[in-house]
Amino acid sequence: MSTHFSDLKGKVVIVTGAAGGLGSKCALELARNGVKLGLFDMHPDIEKTAMEIKSERGMENNVLYKKGDVCSLDNDRSFTDSVYRAFGRMDGLLNIAAIYRGLKHTSLFDLTEKEWDNTMAVNVKGSWLMSKAVAPFMMKNKKGKIINISSTTVLSGTPQIMHYITSKAAVVGLTRAMARELGGDNIQVNCVSPGILPTEASLERLPDAYMEKLASESSLKRITPPEGVISTLEFLLSDASDYITGQTIVVDSGRYFL
Ligand SMILES: NC(=O)c1ccc[n+]([C@@H]2O[C@H](COP(=O)([O-])OP(=O)(O)OC[C@H]3O[C@@H](n4cnc5c(N)ncnc54)[C@H](O)[C@@H]3O)[C@@H](O)[C@H]2O)c1
């Protein structure tokens, strides 16, 4: 599935969590739609994503990348500054980076303070810090789109991952608060809440039978591919969504309704 939002061509978007999974697929799709990208992830594979994009015709100068931690952005604006300097504008931010792959399944009694703090730091603080680094460029231009990623586990309350669920619920609150604060500068802040996606991170921990059960429980009787989320992200990055802000959109083939 490939989407075409023609007004995305020439826009500049920062994508965090772009070393693999949803983030890398999304980066590639945006690049193919003519978007210039700043890619950020703490995993070394961020270089692989950037090289894959650069290897496509006409895209060699359309991507900057940096290996870094979203939690340390308050001290280091060099990445966002360099993206703005290189491309001359800043249109969008996709806060996709999160503690998800290898997420520890544990009861509330066995969950350690370190696991709790780290999950909250990356999933919540990281999205705030990256937004804080990017928003001033959008404010200058009186236009911008910030999109955060929550999860339908917030709606299901799936046991044994309360640190993750709590962090993804906080992302919904962060989205609403930033929408109010930045709306006067014509910056839309929205959130996408995917159900289980068949990314490497999910497939390595969830058995096929569980995936089939989720599909059968959804209205559309299928698992949502990453492309289903990516097309929603593209819509929220595009001018077509200029009157939508503070919202959380569930993309899960209709298993949960908000
Ligand atoms: N895959 C699913 O089923 C699913 C469902 C709902 C929501 N989500 C959310 O979608 C997003 C992508 O999911 P995915 O399956 O691709 O997961 P993933 O774990 O493969 O991707 C997360 C990325 O974030 C990066 N990251 C982690 N900590 C970081 C840090 N401190 N600084 C910078 N980068 C960091 C990782 O290196 C990784 O590349 C996540 O926000 C996840 O919570 C996923």
Side-chain angles (χ1 to χ4, degrees), residues 14-29 38-50 65-76 79-80 93-105 114-115 117-131 133 147-158 161 163-172 174-175 191-207 210-211 214-215 218 222-230 232-233 248-253 255-256:
I14 287 187
V15 183
T16 73
L22 178 67
S24 64
K25 281 196 168 55
C26 183
L28 193 59
E29 170 66 16
L39 306 180
F40 193 89
D41 199 298
M42 71 185 303
H43 195 282
D45 279 356
I46 192 64
E47 183 174 4
K48 212 168 116 192
T49 307
Y65 70 96
K66 182 165 177 180
K67 179 178 160 306
D69 182 348
V70 284
C71 299
S72 67
L73 287 163
D74 219 18
N75 310 316
D76 179 9
F79 174 66
T80 44
L93 164 64
L94 302 181
N95 280 315
I96 297 179
I99 300 287
Y100 179 64
R101 193 169 195 164
L103 182 69
K104 185 115 185 257
H105 284 229
K114 195 169 162 220
E115 280 153 0
D117 287 347
N118 191 32
T119 307
M120 295 300 279
V122 176
N123 298 10
V124 188
K125 187 170 76 176
S127 295
W128 162 54
L129 289 178
M130 189 51 107
S131 304
I147 300 146
N148 299 317
I149 304 289
S150 182
S151 159
T152 56
T153 57
V154 172
L155 303 173
S156 63
T158 307
I161 50 169
H163 48 326
Y164 178 76
I165 295 179
T166 308
S167 74
K168 290 297 187 179
V171 166
V172 173
L174 177 72
T175 301
C191 182
V192 170
S193 189
I196 287 289
L197 305 169
T199 58
E200 302 90 322
S202 296
L203 293 173
E204 71 190 15
R205 72 189 174 93
L206 300 172
Y210 184 72
M211 301 295 267
L214 294 187
S218 75
R222 60 193 185 213
I223 291 289
T224 307
E227 289 76 8
V229 172
I230 293 167
T232 309
L233 295 173
T248 296
I249 301 180
V250 174
V251 183
D252 72 341
S253 298
R255 186 159 178 255
Y256 289 100

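Just so you know, ligand 1 is whichever comes first in the structure, and atom 1 is the first atom listed for that ligand.
Among all protein heavy atoms, the one lying closest to atom 38 (C) of ligand 1 is Asp41 OD2, 3.5 Å. Nearest to atom 40 (C) of ligand 1 among the protein's heavy atoms is Ile96 O, 3.3 Å. Nearest protein heavy-atom neighbour of atom 22 (C) of ligand 1: Ala98 O, 3.6 Å. The protein atom (non-hydrogen) at minimum distance from atom 16 (O) of ligand 1 is Leu22 N, 2.8 Å. Shortest contact from atom 42 (C) of ligand 1 to any protein heavy atom: Tyr164 OH, 3.6 Å. The nearest protein atom to atom 5 (C) of ligand 1, hydrogens excluded, is given as Gly195 O, 3.2 Å; this is a heavy-atom distance. Counting protein heavy atoms only, atom 17 (O) of ligand 1 is closest to Tyr100 CD2, 3.4 Å.
Here the closest heavy-atom approach between residue Phe40 and residue Gly68 is recorded as CE2-O, 3.2 Å. In plain terms, the two heavy atoms of His43 and Ala19 that are nearest each other are CB-CB, 3.8 Å.
Inside a 4.0 Å radius of atom 32 (N) of ligand 1 there is at least one protein heavy atom.
Those atoms of ligand 1 that come under 4.0 Å of a heavy atom in Gly68, given as number and element, are 32 (N), 33 (C). The ligand atoms of ligand 1 that sit less than 4.0 angstrom from a heavy atom of Asp69 are 30 (C), 31 (N), 32 (N). Short contacts between ligand 1 and Ala19, defined as distances under 4.0 Å to a heavy atom of the residue, involve ligand atoms 39 (O).
Residue contact annotation: Lys168 has a non-hydrogen atom under 4.0 Å from ligand 1.
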